[in-house]
Structure formats: structure tokens, C-alpha cells
Amino acid sequence: MPELPEIAHLNRCLEPVLSGAVVRQVKLSRPDIVDRGRSQQPVSRRRLLMGERIKGLARHGKQLAIVSWGGPTVCVHLGMSGQLWHCPAGERLRRHDHIHCVWHLEGTRGQGRGRLVFRDPRRFGGLWCFSSMDELTATRWSHLGPDALSLDARTLRRSLAGTRRSIKAALLDQHVVAGIGNIYADEILFAAGIHPQSAVTRLGADRCRRLARCIRHILAAATAHGGSTIRDYVDGQGRPGSFSLRHRVYGRATQPCTSCGNRLHQTTEAQRTTVFCPVCQHLF
DNA sequence: AGGATAGCCTGCGGGC
DNA sequence: TGCCCGCAGGCTATCC
């Protein structure tokens, strides 16, 4: 389940291999994964970066943008099971189901630069095309909250103001903060010692400061470890992430708390499986 | 209008 | 062995 750390790591892996490459061919085998929720008219190859030279990548929350010098920008969202990886020139692309889009890349002097592959079995993800990076930030990304990796306490407090939900529900809401999903919401709340059902309104300034710090720390540590692979996620070179080995609560229901030894509890909060330590995490 | 809920979709694991 | 059901979850649409 790719969340912010997985996308941030992907950004780092792919940026050097994609920057400067020219897109020579785009093979789109599932047009319905492009521009979902929009017009659904057939998308032009140019909007899918055909003929464009890639300038670089940009990320906000869980979304990644491939930006070209000419303007056209493709926003990639991996959803639940999405994968985006680079297959080097001369290497055979292993046979896979559910490959929806492949970009064929070329270097400055016309040499092969391999292929960029988008695969998404569950199809909760997709591609969104924009005529410029500015258009992406002004439309699709303008609905998102501040990026969680660089979130400071004041911004978090401002973002949380006015909501009466539980802290877990608020953290999962991309309009509040962008980048946190179910895995890291549980890990962050454990690190902060906050019970997931705590009301946002009852967290004071100190708790918010601590929470903002934990958000940054957990996400940065997970990014450094290449993210968490539960089932599908692989990075830009097709490798799984290792942060799942360091999960303190997610996926560990009924096991002993790594901090106090008591049994971890599991509930449902905001329609999501939620694991927490009833001793270490306080209900506010 | 904020918040809860259903639905999208495939793969996998448990139970029979 | 094989089938069926339930679950996993990011996000949008819809309802209350």
C-alpha cells in the first residue's frame, strides 16, 4: 500500500534514470486508467508525454508527477496495488498481468534508456494528464492538505482546526494532511502515544507539536528504509521496502507491545483496521 | 457542511 | 483439491 514514504523513495530512485530521457513511444493498454473522474475522452499521446523530454519528478503526499520540459505533466497515483518501475535498456521485461502503460525512453544521443512501466492489478490508482505542472498544482493538488513529510506543528494545528473527528480519521484524510495512509497512521499514533480514537479537539498544543514531530520522523525513517512492502509495493528498480520489519503496531494485533509488553488491541476506526497499545497510547 | 457509508477492484487465505 | 467468502485499502460519489 504505497503511502508517502514509498512514493518519496520511488521519487529518489526514478529521478536520475528519468531526467533528461525522451519519450519515444507510449503503449497504453488500458485507456480507462487515464483521467478517471474526468472527461474520459481518448487521451492524446502528447498528453502522455510522447515526444517530450523529461525534466524531473515532483511529489505531493502519495502522488508523483512526471514533468516534461515542454509542459505536459503526468500525475501518477499508485492507489492500493500500483507499481511504477524502470526496466533498463537491453533488459527483458518480465511477463506480468495488469501492465497498463509503458513509456519507451531514449537518451540524448538516441541510445536506449529502457522503459518506465506502470502496473496496477486492483486499479485503484491511475494516471492524470495536465498541460503543465502549474495546472496540476492549481487543480488536482490544490485539494490536498500540506505534505506530511515537512509538516510543522503550526500547520498541523491549522489543518486540524474545525474538525471534530477522531485523530486517526483526520490523519487519513488527504485534505487535512497529504501522504498518510493506514499503515503510517497507526505507526505515527503509536510513536506519539496517542490513542487513535482520541478526539482532535482534545489534543492541546503540546500534543500537536509531538504529533507533528512523530509524523516527520516516522515518514522520514520509512523513506530511508525504502518504505513498507506488505504485498505489492516495489520501488523504481523493482525491489521491496524493508520498513515493514520495523512496524511496531501495524499488522501486529494480539502480539505484545514492543514497548510495554501488553497485548496490542485491534479495532475499526474510520472504517479501517486499527492496531494500538491500550497502555502506551492515551485516550484524550 | 461535515461526517459516515458504499462501491470500485483483484488476490489471497481460511474454512468447509 | 476446489470453491466460496471475507478481507485488504485509497479515494470518490452519495447520502444523512
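First the proteins, then the strands, lettered A, B, ... as listed; each starts at 1. Reckoned from all heavy atoms, side chains included, excluding hydrogens, waters and symmetry mates.
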(message) What is the separation between atom CG on L78(A) and atom P on dG9(C), rounded to the nearest whole Å?
(response) 17 Å

(request) Kindly say if T163(A) contacts the phosphate of dG3(B), meaning a side-chain N or O under 4.0 Å from OP1 or OP2. (result) yes

(message) So if I define the base as every atom that isn't primed, P, OP1 or OP2, how would nucleotides 5-10 of chain B read as a B/S/- string at a heavy-atom cutoff under 4.0 Å?
(response) B--BBB

(request) Check for a donor-acceptor pair, side chain of S81(A) on one end and backbone N or O of R122(A) on the other, with a separation under 3.5 Å. (result) yes

(message) Just N and O in the side chain of T273(A): are any of them under 4.0 Å from OP1 or OP2 of dC7(C)?
(response) no

(message) From CD of Q63(A) over to P of dC11(C), roughly how many Å is that when rounded to an integer?
(response) 7 Å

(message) Between R24(A) and E106(A), does any side-chain N to carboxylate O distance fall below 4.0 Å?
(response) yes

(request) Answer yes or no: does a side-chain N or O of Y184(A) lie under 4.0 Å from OP1 or OP2 of dG10(C)? (result) no

(request) Would you kindly give the NZ-to-C1' distance between K168(A) and dG3(B), to the nearest whole Å? (result) 17 Å

(request) Whole angstrom is fine here: how far is it from CD in E269(A) over to P in dG3(B)? (result) 13 Å

(request) Grab the NE2-P distance between H175(A) and dG10(C) for me, whole Å please. (result) 14 Å

(request) Would you kindly give the CG-to-P distance between N182(A) and dA8(C), to the nearest whole Å? (result) 9 Å

(request) May I ask you to decide whether R209(A) forms a salt bridge with D206(A), counting only side-chain N to carboxylate O separations under 4.0 Å? (result) yes

(message) Can you measure W128(A) atom CH2 to dG10(C) atom P for me and round it to whole angstrom units?
(response) 14 Å

(request) Using whole Å, report how far CG of D173(A) lies from P of dG9(C). (result) 17 Å

(request) State whether D32(A) and R30(A) are salt-bridged, where the test is any N-O pair (Lys NZ or Arg NE/NH1/NH2 against Asp/Glu carboxylate O) under 4.0 Å. (result) yes

(request) Would you mind listing the cluster partners of W128(A)? Hydrophobic ones only (ILVMFWY), side-chain contacts under 4.5 Å, chaining allowed. (result) V67(A), F130(A), M133(A), L136(A), W141(A), L144(A)

(request) Inspect the contact between K168(A) and D186(A) and indicate whether a charged nitrogen and a carboxylate oxygen are less than 4.0 angstrom apart. (result) yes

(message) With a 4.0 Å cut-off on N to O distance, would you call R248(A) and E187(A) a salt bridge?
(response) no

